[in-house]
Amino acid sequence: MAATWVKASCCSFASMTMTMCSSFCPQIPIHLKLRPISSFRTKPFFVSFKVFSSQTSNATSTVVEYSTQVGFLGLGIMGSPMAQNLIKAGFDVTVWNRTKSKCDPLIGLGAKYKSSPEEVTASCDVTFAMLADPESAVDVACGRHGAANGMSPGKGYVDVSTVDAATSKLICKQIKATGALFLEAPVSGSKKPAEDGQLIFLTAGDKPLYETAAPLLDIMGKSRFYLGDVGNGAAMKLVVNMIMGSMMASFSEGLLLSEKVGLDPSVLVEVVSQGAISSPMFSTKGPSMVQSMYPTAFPLKHQQKDLRLALGLAESVSQSTPIAAAANELYKIKNPHQQNPLWPIKLV
Ligand SMILES: NC(=O)C1=CN([C@@H]2O[C@H](COP(=O)(O)OP(=O)(O)OC[C@H]3O[C@@H](n4cnc5c(N)ncnc54)[C@H](OP(=O)(O)O)[C@@H]3O)[C@@H](O)[C@H]2O)C=CC1
Ligand SMILES: O=CCCC(=O)O
């Protein structure tokens, strides 16, 4: 039981110019034709997308009429449902993943397959990358047969991986050296929001690409923020995940303490949900944590990576972050039999 809470805290983790009626009802699926907004695209851009009444409102419908080629690199927990939503919305999607077998379900849904990131970007107008960490994001973008090799003017690269600002800037430089445009767009939201097209995009970089890619983002997400220069999206994402890592560690401690003093942790979850510290994260993860159920949504190693990168960000501006630093130690644990002096329980 002791390991329960630790494990749970980690695992169970236009302006495209629209030709449209301004008084559309967001509840009713409608078909829209979009015109290109910039010289970024050289051919007519008819697109299918989910309808938003504003940047942060809920989107409720999807439409299909589309001719652009969309690439997707990285089909893990997040990338796979994101690419799937683009395919289901009617986009022409070409996929690549290091482990080829993860492409098969998407190919079954109609995706095309290419055997390298370079081939994907060479054949696509806009390519998304959803990779594990800074190393893999750089490798896939800038390595041998990497995405940059297939980029050229008129194309766009949207990196939705969670990385640090320096990594994002490095990738941006390589992509832009080809004449293509770059957008960083890490996401808030986990496996279920990815499946449901309810992610929150934290974007920064080339505004024309942001605008061109907006309908694609709107298929995969419920809102998007444009934050200016490359690095700001990465920083925003790291701050958000730093808060999340600390709060889930604290929640885990509370659940364990409640049990050790003879309280029912389920009741604690209910009490928390009704009070000022209620949070969708506690409400959705809490019940499964109490039941010792840990379906992986946000792998422990990624939360630790994000805390590590957030601590680096804090260090860059000499900000003290003792709470995040303590939480980071917890997420470092790889050996379940190892005892962590910072955690008040023996991990068995
Ligand atoms: N899961 C979540 O809830 C969320 C995750 N994120 C972030 O999104 C990103 C992806 O997360 P998630 O989908 O959960 O992670 P997964 O571990 O499920 O997938 C990681 C992906 O990266 C690929 N990859 C890893 N290393 C390499 C490499 N060296 N070269 C090429 N490809 C590589 C994997 O390929 P392969 O299949 O071959 O291993 C896989 O496609 C991470 O940055 C994460 O922090 C952001 C929001 C929520
Ligand atoms: O990076 C992962 C975020 C997970 C979430 O927002 O639920």
Side-chain angles (χ1 to χ4, degrees), residues 8-13 71-85 95-106 113-118 120 127-147 158-165 167-168 171 184-203 220-223 233-248 251 279-286 288 294-310 331:
S9 70
C10 310
C11 302
S12 352
F13 303 87
F72 213 107
L73 310 172
L75 303 171
I77 292 169
M78 297 297 286
S80 189
M82 291 170 76
Q84 202 172 117
N85 281 335
V95 297
W96 171 86
N97 192 66
R98 180 181 62 174
T99 307
K100 200 255 171 186
S101 59
K102 291 188 189 171
C103 298
D104 295 342
L106 295 167
Y113 170 77
K114 296 283 182 189
S115 59
S116 71
E118 174 180 0
V120 172
T127 299
F128 291 86
M130 186 44 132
L131 298 152
D133 50 27
E135 295 72 26
S136 55
V138 169
D139 203 33
V140 167
C142 315
R144 194 160 170 263
H145 301 302
V158 184
D159 199 327
V160 290
S161 322
T162 303
V163 299
D164 56 303
T167 297
S168 198
I171 295 170
E184 66 179 9
V187 300
S188 208
S190 192
K191 186 177 179 221
K192 182 76 167 53
E195 290 167 353
D196 295 344
Q198 294 288 303
L199 296 169
I200 301 161
F201 287 94
L202 308 172
T203 78
M220 297 182 281
K222 66 177 180 183
S223 63
M236 180 68 84
K237 172 63 184 168
L238 292 179
V239 172
V240 169
N241 273 27
M242 183 185 84
I243 296 169
M244 186 177 76
S246 299
M247 80 184 229
M248 288 308 289
F251 186 52
S279 140
M281 185 68 87
F282 295 156
S283 297
T284 54
K285 304 288 186 197
S288 73
Y294 312 110
T296 302
F298 183 39
L300 181 152
K301 63 182 177 185
H302 293 334
Q303 175 64 82
Q304 197 275 319
K305 174 255 303 178
D306 294 350
L307 277 164
R308 173 172 57 81
L309 296 177
Y331 292 97

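Every number for a ligand or one of its atoms is a count from 1 in the order of the listing. Every heavy atom of this structure was used, including side-chain atoms; hydrogens, water molecules and symmetry mates were not. For the single chain, residues carry numbers from 1 onward in sequence order.
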Quiz item: What about M78: any of its N or O atoms under 3.5 Å from an N or O on ligand 1?
Solution: yes
Exercise. Return yes when Q303 approaches ligand 1 closer than 4.0 angstrom through a heavy atom, no otherwise.
Key: no
Practice problem: Run the numbers for me: atoms of ligand 2, each under 4.0 Å from some heavy atom of K237, listed by number. | Solution: 1 (O), 2 (C), 3 (C)
Quiz item: So, the side chain of D159 versus the backbone of S168: is there a donor-acceptor pair under 3.5 Å, distance only?
Solution: no
Practice problem: Please confirm whether the backbone N or O of R144 pairs with a side-chain atom of E118, one donor and one acceptor, at under 3.5 Å? | Solution: no
Quiz item: Is it the case that S101 and D104 place a side-chain donor and acceptor less than 3.5 Å from each other?
Solution: no
Exercise. May I have the step-by-step check of side-chain contact (heavy atoms from CB on, under 4.5 Å) for M247 and S279, ending in yes or no?
Key: CA-CA 10 Å; M247 80 184 229; S279 140; 3.3 Å; yes
Quiz item: Any donor-acceptor pair under 3.5 Å linking the side chain of E184 with the backbone of A234?
Solution: yes
Practice problem: Can you sort out which atoms of ligand 1 are near G74, meaning under 4.0 Å from one of its heavy atoms? | Solution: 41 (O)
Quiz item: Which is it for K237 and ligand 1 at heavy atoms under 4.0 Å: side chain, backbone, both or neither?
Solution: side chain
Quiz item: Can you check side-chain contact (heavy atoms from CB on, under 4.5 Å) on M82 and L199, steps first, answer last?
Solution: CA-CA 9 Å; M82 291 170 76; L199 296 169; 3.7 Å; yes
Practice problem: Measure from NZ or CZ of K100 to the centre of the six-membered ring of Y113, then state whether that distance is under 6.0 Å and the direction lies within 45° of the axis. | Solution: yes
Quiz item: Heavy atom under 4.0 Å from ligand 1: found in L75's side chain, backbone, both, or neither?
Solution: backbone
Self-check item: Any donor-acceptor pair under 3.5 Å from N97 side chain to C103 backbone
Solution: no
Quiz item: Considering only heavy atoms, does N97 approach ligand 1 within less than 4.0 Å through its side chain, its backbone, both, or neither?
Solution: side chain
Practice problem: Look only at the side chain of S288 and the backbone of K285, and say whether a donor-acceptor pair between them is shorter than 3.5 Å. | Solution: yes
Quiz item: At the 4.0 Å heavy-atom cut-off, does H302 count as touching ligand 2?
Solution: no
Practice problem: Compute the minimum heavy-atom distance from K305 to ligand 1 and say whether it is under 4.0 Å. | Solution: yes
Quiz item: Can you list the steps and then say if Q303 with M244 is a side-chain contact (heavy atoms from CB on, under 4.5 Å)?
Solution: CA-CA 9 Å; Q303 175 64 82; M244 186 177 76; 3.1 Å; yes
Exercise. Answer side chain, backbone, both or neither: which part of N241 comes under 4.0 Å from ligand 2, heavy atoms only.
Key: side chain
Exercise. Give yes if a backbone or side-chain nitrogen or oxygen of A297 is under 3.5 Å from a nitrogen or oxygen of ligand 1, and no if not.
Key: yes
Practice problem: Return yes or no for this condition: an N or O of A132 is under 3.5 Å from an N or O of ligand 1. | Solution: yes
Practice problem: Establish, from distance only, whether the side-chain atoms of D164 and T167 form a donor-acceptor pair under 3.5 Å. | Solution: yes
Quiz item: Which atoms of ligand 1 are found less than 4.0 Å from any heavy atom of G189?
Solution: 47 (C), 48 (C)
Quiz item: Taking only heavy atoms of S190, which atoms of ligand 2 are found under 4.0 Å from at least one of them?
Solution: 4 (C), 5 (C), 7 (O)
Practice problem: Please indicate whether any nitrogen or oxygen in D139 is less than 3.5 Å from any nitrogen or oxygen in ligand 1. | Solution: no
Practice problem: For ligand 1, find out whether one of its N or O atoms is nearer than 3.5 Å to an N or O atom of V187. | Solution: no
Exercise. With heavy atoms of V140 as the reference, note each atom of ligand 1 found under 4.0 Å away.
Key: 31 (C)
Quiz prompt | Ligand-side contact atoms (ligand 2) for residue partner M281, heavy atom cut-off under 4.0 Å | solution = 7 (O)
Self-check item: Nitrogen or oxygen atoms of K102 and ligand 1 under 3.5 Å apart
Solution: yes
Practice problem: Report yes if D133 has an N/O atom closer than 3.5 Å to an N/O atom of ligand 1; otherwise report no. | Solution: no
Quiz prompt | Euclidean distance, H302 NE2 relative to M78 CE, rounded to 0.5 Å | solution = 10.0 Å
Quiz prompt | Side chain, backbone, both or neither: P186 near ligand 1, heavy atoms under 4.0 Å | solution = neither
Quiz item: So, is V187 polar-close to ligand 2, with some N/O to N/O distance under 3.5 Å?
Solution: no
Self-check item: Polar side-chain atom of K114 near backbone of V95 as donor-acceptor pair, under 3.5 Å
Solution: no
Practice problem: Could you name the option among P134, S136, A129 that has the heavy atom nearest to atom 27 (C) of ligand 1? | Solution: S136
Quiz item: Is there a donor-acceptor pair closer than 3.5 Å between any side-chain N or O of K305 and the backbone N or O of V163?
Solution: no
Practice problem: Using distance alone, determine whether R98 and ligand 1 share an N or O pair under 3.5 Å. | Solution: yes
Quiz item: Got an N/O contact under 3.5 Å between M130 and ligand 1?
Solution: no
Exercise. Would you kindly specify which portion of Q303 sits under 4.0 Å from ligand 2, judged on non-hydrogen atoms: side chain, backbone, both or neither?
Key: neither
Quiz prompt | Donor-acceptor under 3.5 Å (S161 side chain, L131 main chain) | solution = yes
